[in-house]
Amino acid sequence: MDKMNHAFEKMKMMVGMEIEEEQRASEEESSLSFMDDLNRDCALTTKQRFYGFAICLSAGLTCTLLSMLVFFNPVKFGITFTLGNLMALGSTAFLIGPQRQVTMMLDPARIYATALYLASIVIALFCALYVRNKLLTLLAIILEFSGLIWYSLSYIPFARTMVSKVFMTCFDTEF
């Protein structure tokens, strides 16, 4: 039984959940920063984290799927698709915490993928809300979807390398 409790505590640590009161006390003694304050103020139970994750992910996927209904109106499509992506991205912060989410997004292995993805979200919203040009919004959504795929691949070991090599071999033809 002790082995199972130890394994469960290890799993909690891997996803960024608190395991003991000692850990909370040591965090309070550490230097205070904005993200530390946010994590401490947003202390949720495991059950609350899973509920928050499930609700946020479900809402994000629902928005993304509902955006397909307005596909031929790129402005509405861009807004609902981007809102769905933001909710789905935010859902993981419930599981691992906002500080760890930001730390993982800014990891050197995925900093460029994160920048591309977040920039494409801003561009898509700008084109949909401010410019209101259907062609530009559609191009921005294609860029956003590409950024989402590249960002997602950054969490799978060697996935981006493999996809890059596949594209290189597909487009490396001699005439």
Side-chain angles (χ1 to χ4, degrees), residues 13-17 27 30-42 44 49 52-68 70-71 73-172:
M13 285 180 11
M14 287 176 59
V15 295
M17 296 180 189
E27 285 179 358
S30 66
S31 65
L32 299 177
S33 70
F34 172 73
M35 292 306 287
D36 289 334
D37 289 340
L38 183 65
N39 273 343
R40 190 172 26 267
D41 293 340
C42 296
L44 301 173
R49 286 177 185 260
F53 169 74
I55 290 169
C56 202
L57 183 64
S58 298
L61 291 175
T62 300
C63 277
T64 302
L65 293 174
L66 286 176
S67 70
M68 300 303 164
V70 292
F71 179 74
N73 184 345
V75 174
K76 288 181 182 177
F77 175 73
I79 293 169
T80 55
F81 185 79
T82 302
L83 183 64
N85 277 336
L86 287 173
M87 280 196 253
L89 181 65
S91 69
T92 56
F94 279 101
L95 285 180
I96 61 176
Q99 181 179 11
R100 187 151 182 222
Q101 173 79 21
V102 170
T103 303
M104 289 174 68
M105 289 175 75
L106 298 178
D107 184 63
R110 66 182 59 90
I111 186 74
Y112 297 117
T114 301
L116 173 70
Y117 181 51
L118 294 178
S120 66
I121 287 174
V122 170
I123 291 168
L125 285 175
F126 178 77
C127 290
L129 295 173
Y130 186 73
V131 178
R132 293 195 174 273
N133 184 321
K134 291 181 179 184
L135 180 62
L136 282 178
T137 303
L138 192 59
L139 290 173
I141 291 300
I142 291 169
L143 177 68
E144 181 180 344
F145 189 70
S146 302
L148 171 63
I149 290 172
W150 196 251
Y151 174 75
S152 299
L153 288 174
S154 74
Y155 283 93
I156 303 169
F158 304 108
R160 292 187 299 177
T161 305
M162 184 182 70
V163 169
S164 297
K165 285 182 180 180
V166 167
F167 274 106
M168 293 298 282
T169 58
C170 288
F171 296 112
D172 189 28

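All heavy atoms count here, side chains included; hydrogens, waters and symmetry mates do not. What you see is a predicted model; the values in this text were computed from it and never measured.
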With rounding to the nearest 0.5 angstrom, report the OG1 to CG distance, Thr137 to Leu125. 10.0 Å
Rounded to the nearest 0.5 Å, what separates atom CG in Leu116 from atom CD1 in Ile149? 11.0 Å
Which pairs, with at least one residue in residues 82-93 and sequence neighbours excluded, count as a side chain to side chain donor-acceptor pair (under 3.5 Å)? Thr82-Glu144, Asn85-Glu144, Thr92-Gln101
Sorted by chain and number, sequence neighbours left out, side chain to side chain donor-acceptor pair (under 3.5 Å) with Tyr112 holds for none
Could you tell me how the ring of Phe77 sits relative to the ring of Phe71: parallel (under 30°), tilted (30 to 60°) or perpendicular (over 60°)? perpendicular
To check you understand the geometry: which heavy-atom pair defines the closest contact between Arg49 and Gly97, and what is its length? NH1-N, 3.8 Å
More than 12 heavy atoms from other groups under 6.0 Å of CZ on Phe145: no
With a 4.5 Å cut-off on side-chain heavy atoms, are Ile79 and Leu129 touching? yes
What I'd like to find out is whether the side chain of Leu153 reaches to under 4.5 Å of the side chain of Trp150, using heavy atoms alone. yes
When Val75, Leu66, Val70, Leu65 are each screened for side chain to side chain contact (heavy atoms under 4.5 Å, CB included) with Thr80, the one that passes is Val70
Euclidean distance, Tyr117 OH relative to Ser146 OG, rounded to 0.5 Å: 12.0 Å
Shortest non-hydrogen contact from Gly60 to Met87? CA-CB, 3.6 Å
So, the side chain of Arg110 versus the backbone of Met105: is there a donor-acceptor pair under 3.5 Å, distance only? no
Rounded distance (nearest 0.5 Å) linking atom CG of Leu83 with atom CZ of Phe81: 11.5 Å
Going by side chain to side chain contact (heavy atoms under 4.5 Å, CB included), Ser120 matches just one of Leu143, Ile141, Ile142. Which one? Leu143
If we only count heavy atoms from C-beta on, is the Tyr151 to Leu89 side-chain gap below 4.5 Å? yes
Closest heavy-atom pair, Gly90 versus Cys56, reported as atoms and distance to 0.1 Å, is C-SG, 4.2 Å
